[in-house]
Amino acid sequence: MFNIIPSLKGSAAVIATAAMAFAPALASASPLGSDPIRLVIPFGPGGGSDITARVLSATAPEFCGPRIDVVSMSGAAGLEAVNFVRNAPANGHTLLVSDYGPVVTSGFLDDVDWSHDDWQPVMNFTEWLPTVYTRPDHPIQTIEDWVAAAEADPGSITFGHANPMGLVHLPLILFEMETGLENIHVPTSGGGETRSLIMGGHIDLGMTLPPSIASEVASGELTALGVFSAERSPVLPDTRTFREAGYDVVLPAWLMVIATSDVPAETVEYLQDCFMEALASPTAIAMSDRVNAGIEPLNAADSTALYQATVASIGDILRSMGEID
Amino acid sequence: MMLEAFVDALYLAFSPEVILYVAIGVFMGVTLGAIPGLSGDMAIAILLPIVFFLEPAAALGLLTGIYKGGMFGGSISAISFGVPGTPGSAATAIDGYQAKLKGYPNKALNTALYSSVIGDTTSDFVLIFLALPLAIVALTFGPVEFFALYAFSLLLISALTKGKVAKGVAMAALGILLAMIGRDPIGGSVRLTFGIPELSGGLALIPVLVGIFAVSELIIQLSKAWMERVRRIVDETKQQAQSLLGDYDASKDKLTFAEFRATMKATWIGTTMGTLIGALPGAGSSLAAFISYGLAQRFSRHPVEFGKGSLEGVAAAEAGNSATSGSTLIPLFAFGIPGSATAALFGAAFILMGMTPGPRLIYDHTEVIYALFLILIYANIINLALSHFLLPLYSKIAMIKSRILLPIVCVLAILGTFAAGNSVIDVWVLLFAGLLGVVLRVYNFPLAPLILGFIVAPGAERALRQSLLIGRGEWTHLLSSPIAIGLYATAAIMIFTFTVVMRERK
């Protein structure tokens, strides 16, 4: 099970040897076997997590040894992927790539046989910053317009978002709890539907992630009102945060590689090192820029702190909503 | 400047490498689409990383080829085995399989091919020349209009078979009920799962589709074969001489020009509906196929033939689903909105190549997009040529005796179902759907309304509840749009003419 660089054949061996030459530290003791590493995503293919995971799968084999596959399992609202990783052998070959929804939120709300402590982050790719936006000819164009309109006629503004209780919905709930405002929440099938409802004039506001609207905001086809984060989004430099407008609502969403907690520490460390090294390579940086993934990796320790903070804050939100005790 | 870009695009699109990738894509798509459970979309999802390694035109050529091939490939198993290879070809199975049972698989397959290519090509031209105006019309479809469209399609299909309207409506209702298992799309709570956690994501479309059509057919054929066997013990010698192909006569099974011309009206109905419905974000190719089928029957000179192997039925359904393939990219090109799973995958491919989907796409990457337009058009010609060459072979496969063929189809179906979602639960759903299919077939319930109900229910429920949320709980909000009122009125008139006027003619 713990072979030291096992019998790789042909070109793979050449690449592995080359990698060893450039990265002697890694060659010393790989706790991984020769089987491929599977990055399991709890969403359908083609979305942000898929695209980001593919940057890793295209660049990391050179640094980690085995091939890396991205496997998409969107069944049971993502829980199938989570259970699949949970039931796989704890050898670091089956990893989950997910935002907090299927792990943290589901761990609170769904009937699952694991707890939040059964998972350990390997590394964090990026932080996604939930952003409120609308069409440019809508009367609401700023955070202040929104607050004023909602105070003048409570429960009149329609707000579209994907996934109830997901990462583009919880910030709205948190904002309403902070401010006492009321809006009509209109769940949609995803970012695409939210956007067509906004552009077609069927709803007022919506929430999404910056990369999907950055170019339309720059060209004036959509207006971004505000971002629920501590700092501005690098791809939406002119859009204020809600904190700047005086509302301390910060709920960014991370995208992490997560292993089960029974994966040995040296395996997690090895994966963290080779993933971070791969993502720091010029190829990975070029790829990340090209797909607007905004990858800024965090190591296992920092990711774990972030993970635990998220468990605490999501728990608080759900408790004050009365969803959990 | 434009002309220069166009000339560059010509070089890109017609380089031997790109043509080869398009051809490989078409071949892969047709083959995968023909396997029940596998679809072009899945192959595109798996092959997406190829955009990292190929030139943009070559990568887009491969993906386009797979998409178009897959769109037509689905009809091969729909006609040959009565099993829709892809969700889009569910409507093709209704008449296509009946035609095959009558001994005319080749006629049906050729009709499917020609109508598919006509629908697809027209839709591609609409994408190229009318994307923006059509996209603006598509945006006027909000929850209220979508609910009207879904209701219209359900009424149209439920009332399809004369004398069986009640059964049709019952089946549509059952389909809606099955689709409601799982997570409530608005509240997020889990319903109707009877405590089985694996069902919380709902029943997946592919296992239900393949189960209802394919597994039930296998079970029925097996029992038939078993009955035959009992009989054979009595009369053993007679059976042995039968060849593998039975008494299929290929020479009598050629599509004539007169027959082709007779299907043209249905093809154009399918092409028009498919192009329009394809441009609506979220509506999908199976809905387009069913609506085209329903309308073609209404406007046909031989509506009685529908459901009994009508080539018009095959043409309408196939033109309907294929005509969505160009127009489904319209919202993506016009606004960066992916309107379907396929459009989302093409959107991801653009993103992976560093091109942002949306109105800027054509200005920022003029050559590549022009090349894609050219590929979209000529991929149809490759599809036509390649499939034309392969069809006689497929017709022969179709006529292999079902007791040999169906087990193979079912193994493929189970593998395909598993591969689609990497889920064992899906295989159980497949088997249970098969048993349900047997019961429904034995009692002569139409399967099409069930499938359509299952396909449109999630969208219809979401649209209805979004409308009610936006309209603050007022049901009259559903009548707040002229488009919606028009759709309801058309549905009412159609039901009236079909049930009252047609009955008097009898």
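None of these values were measured; they are calculated from a predicted model. Residue numbers start from 1 in every chain, and the chains themselves are labelled A, B, ... in the order their sequence lines are given, proteins ahead of strands.
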* Asked: chain B: which of A/Gly78, A/Ala81, A/Ala58, A/Gly155 shares the most heavy-atom pairs with it under 4.5 Å?
  -> A/Gly155
* Atom pair CD1 (B/Ile470) and NE2 (A/His202), whose distance is rounded to the nearest 0.5 Å -> 8.0 Å
* Structure fact -> Under 4.5 Å to a heavy atom of chain A? For B/Pro331 that would be neither
* To do: Please look at A/Met165 and chain B and tell me whether the side chain, the backbone, both or neither of the residue comes under 4.5 angstrom of a heavy atom of that chain.
  => neither
* Heavy atoms of other groups near A/Glu176 CD, more than 12 under 6.0 Å -> yes
* Asked: Above 12 or not: heavy atoms from other molecules or residues under 6.0 Å from CH2 of A/Trp114?
  -> yes
* **Heavy-atom pair of closest approach, residues B/Pro185 and A/Pro164** => O-CG, 3.8 Å
* Asked: With a 4.0 Å cut-off, would you call A/Glu193 and B/Arg462 a salt bridge?
  -> yes
* Heavy-atom closest contact (A/Arg195 atom, B/Phe335 atom, distance) -> NH2-O, 2.6 Å
* Asked: For A/Gly192 and B/Ile337, which heavy atoms make the closest approach, and how far apart are they?
  -> O-CG2, 3.4 Å
* Structure fact -> When the 4.5 angstrom heavy-atom criterion is applied to B/Arg472 and chain A, the contacting part is side chain
* Side chain, backbone, both or neither: which part of B/Leu345 has an atom under 4.5 Å from a heavy atom of chain A? -> side chain
* Structure fact -> Okay, A/Thr158 and chain B: the region with an atom under 4.5 Å from a heavy atom over there is side chain
* Using non-hydrogen atoms only, which part of A/Asp110 is less than 4.5 Å away from chain B: side chain, backbone, both, or neither? -> side chain
* A/Ser215, part contacting chain B, at a heavy-atom distance under 4.5 Å -> side chain
* At their closest point, which heavy atom of A/Asp50 faces which heavy atom of B/Leu48, and how far apart are they? -> OD2-CD2, 4.4 Å
* Asked: Roughly how far apart are B/Leu468 CG and A/Ile184 CD1, rounded to 0.5 Å?
  -> 11.5 Å
* Asked: Has B/Phe432 got more than 12 heavy atoms of other residues, nucleotides or ligands less than 6.0 Å from its CZ?
  -> no
* Find the one option among B/Gly347, B/Gly336, B/Gly182 whose heavy-atom pairs under 4.5 Å with chain A are most numerous. => B/Gly336
* To do: Let me know if A/Ile203 has heavy atoms under 4.5 Å from chain B in its side chain, its backbone, both or neither.
  => side chain
* Asked: Checking heavy atoms, do the side chain of A/Val112, its backbone, both or neither come under 4.5 Å from chain B?
  -> neither
* Asked: Does the A/Arg290 side chain pair with the main chain of B/Ile351, one donor and one acceptor, at a distance under 3.5 Å?
  -> no
* Asked: So which part of A/Thr188 gets closer than 4.5 Å to some heavy atom of chain B, the side chain, the backbone, both or neither?
  -> both
* Write out, in numerical order, the residues from residues 137-149 of chain B with a heavy atom short of 4.5 Å from a heavy atom in chain A. => B/Leu139, B/Thr140, B/Phe141, B/Gly142, B/Pro143, B/Glu145
* **Residue B/Met355 versus chain A: region with a heavy atom under 4.5 Å** => neither
* Asked: Using non-hydrogen atoms only, which part of A/Ser57 is less than 4.5 Å away from chain B: side chain, backbone, both, or neither?
  -> neither
